[in-house]
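Both ligands and their constituent atoms are indexed starting at 1 by order of listing. Atoms considered below: every heavy atom in the structure, side chains included; atoms not considered: hydrogens, waters and symmetry mates.
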Amino acid sequence: MEKLNFLEEIIESDLAEGKYESIMTRFPPEPNGYLHLGHAKSICLNFGLAQKYGGKTNLRYDDTNPVKEDVEYVDSIKEDIKWLGFHWDKELYASDYFDQLYEWAELLITKGLAYVDDQTQEEISKGRGTIDKPGVESPYRNRSVEENLKLFREMKAGKYADGEKVLRAKIDMAHPNMMFRDPLLYRIKHASHHRTGDKWCIYPMYDYTHGQCDSIEHITHSICTLEFDVHRPLYDWFIKTLDIFPSHQYEFARLNLTYTLMSKRKLLELVQKGLVSGWDDPRMPTLCGVRRRGYTAEALKMFCEKIGVSKRDQLIDLQLLEWCVRQDLNARSNRYMVVQDPIKVTITNWEPGKVEYFDCPLNPAEPEGKTRKVPFSGEILIDRADFMEDAPKKFFRLKPDGEVRLKYTYIIKCNEVIKDENGRVVELKCTYDPTTHPQTGEWRSVKGTIHWVSTAHMKTLELRNYDRLFTLADMSQVPEDRDYKDFLNPDSLIVTEGYAEPALLEDNSGIAVQFERTGYYVMDKDSTPEKPVFNKTTALKDSYKPE
Ligand code: ATP
Ligand code: MG
């Protein structure tokens, strides 16, 4: 039997009890940055649960803070969700409900449950008290309903400057849950909003907004991260006090990854300070970054499935994500040969000028599948690592007087090693064995097979080899006296050259490809016809194995 996670258990029991006819979830990003891998987990959960139980998911922008928000972010969020392969029911904005929220605020005032406070921000937070010390009541707390209504309407009309007044709920300044000590409902902000323009100069606070928006949309299961558990009683209080649709909030542990930071504020700082090339720098944990890196939506979904949901904070090994990427790419990606650190090999018994083409599978998992043509000629490059002069016995690649199979083509033998004045090997003179043609020749096996490219046909590539962005495994443990930016990995990008078989540049698979025997790479948008650029997605292999 399938093991349910705690959210599935709740949903199944709610449905069994007939509490709801169908379920409704929402994904509520604040459009103040690009989505990251943590959001992917939330998206997979919200959309995945609705899909599983025949419900729907709204995309609702939590756009209550006009200063930090932007349409650039609104658009990128939609693109990223679509890329992951999910479809929202309605595209909505908390700002769509500003009129309704305002009406409810007046209702709370009328009921004697909200008041306008003239205290400064500092006075208010001082007055809140602490966990072990009750707060003190504001001197403005007992204003009449009429006065509060008048002042609140004046706030809305723009009579006051930012910070001059706020609207607060009137609950209990001694409440053991600090959230109930007269929480702020509205603040004054004379700022243009990306959707409502200059219509408003007062904006509702998160706690006053989220639950009611859920309720308006009849969200049955409002899923958020653990740090919101202290907000839940307040979420419930507004819904109960206003007597509106009973949405419920459930919390799960946020995703934390080793060597990775996922706070939008810090990611924005990296972008603004030019420490990365942009939100879509392939080293960024943003969805546009990992997409540019060559990670697939399928791999991300596999990863979210594997990590599951928990009620306890967890630090997930980045290698698990890379493992998922390899799993997916290994099954689907096309193969090409690319030499990175070359040694020239001259085939001395090859007829000068002759070129022979080999039909090679694009993906060995599909032997009857598509092929590519690979040209072979009398001068090729092989990788330096595949040759060794004083080779140990177990070295089965090319060595002096040794033989090796060139992948997809003949067996060659190394007869002469040519070095420059520094003793560095610059050329190998070899002979090929014409009887070892892979289709028409006799079968003869040698222990090693290496990749190669024909120099007359090869294409030069810029390779951007990426590594983790930070050097500290648990980025929540940055010491107090240090800055997270001190832990940026100086070697997170190393640019090299590669020499590729020509078919690589005609690949139209739309996903990363495998450079045979080396790694997965994907063409970058910076490519030009003269200079194709490839990003390293991940290494071909790793000793890592998921539990
Ligand atoms: P950040 O701290 O990076 O700014 P946020 O929580 O403020 O993130 P929102 O745009 O408000 O970002 O998040 C939208 C949704 O995604 C929320 O429901 C939030 O709980 C969820 N989410 C954000 N980060 C993570 C994470 N690391 N793991 C799981 N869910 C996350
Ligand atoms: Mg947020």
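For the atom pair CD1 (I223) and CD (Q249), the distance works out to 10.5 Å, reported to the nearest 0.5 Å.
Using a non-hydrogen distance threshold of 4.0 Å, F228 does not register as a contact of ligand 1.
Closest to atom 28 (N) of ligand 1 by heavy atom, among D62, T225, L255, is L255. Atom 2 (O) of ligand 1 has its nearest heavy-atom neighbour, among R254, R60, R265, in R254. For atom 30 (N) of ligand 1, the candidate residues are C224, G38, A40; the nearest heavy-atom contact is made by G38.
With ligand atoms numbered from 1 in the order given, ligand 1 contributes 14 (C), 18 (O) to contacts under 4.0 Å with heavy atoms of P28. Heavy-atom proximity to M262, at under 4.0 Å, picks out these atoms of ligand 1: 3 (O). Taking a cut-off of under 4.0 Å to the non-hydrogen atoms of F27, the atoms of ligand 1 that pass are 15 (C), 16 (O).
An N or O contact shorter than 3.5 Å links H39 to ligand 1 by distance. Not one N or O of S263 is nearer than 3.5 Å to an N or O of ligand 1, by distance alone. Between H36 and ligand 1, an N or O atom pair is found at a separation short of 3.5 Å.
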- For D526 and R292, what are the C-alpha separation, side-chain angles and deciding distance, and is it a salt bridge (charged side-chain N to carboxylate O under 4.0 Å, His left out)? CA-CA 11 Å; D526 289 347; R292 190 169 169 194; 3.4 Å; yes
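Just one residue in the list K273, K266, Q272 forms a side-chain hydrogen bond (donor to acceptor under 3.5 Å, both in side chains) with E269, and that residue is K273. Screening R26, E217, R232 for a side chain to side chain contact (heavy atoms under 4.5 Å, CB included) involving S222 leaves a single residue, R26.
For K536 and D467, the salt-bridge test fails: no basic side-chain N is under 4.0 Å from an acidic carboxylate O. Taking a cutoff of 4.0 Å between a charged side-chain nitrogen and a carboxylate oxygen, E298 and R332 qualify as a salt bridge. Under 4.0 Å is where a charged nitrogen must lie from a carboxylate oxygen, and between E106 and K156 no such pair does.
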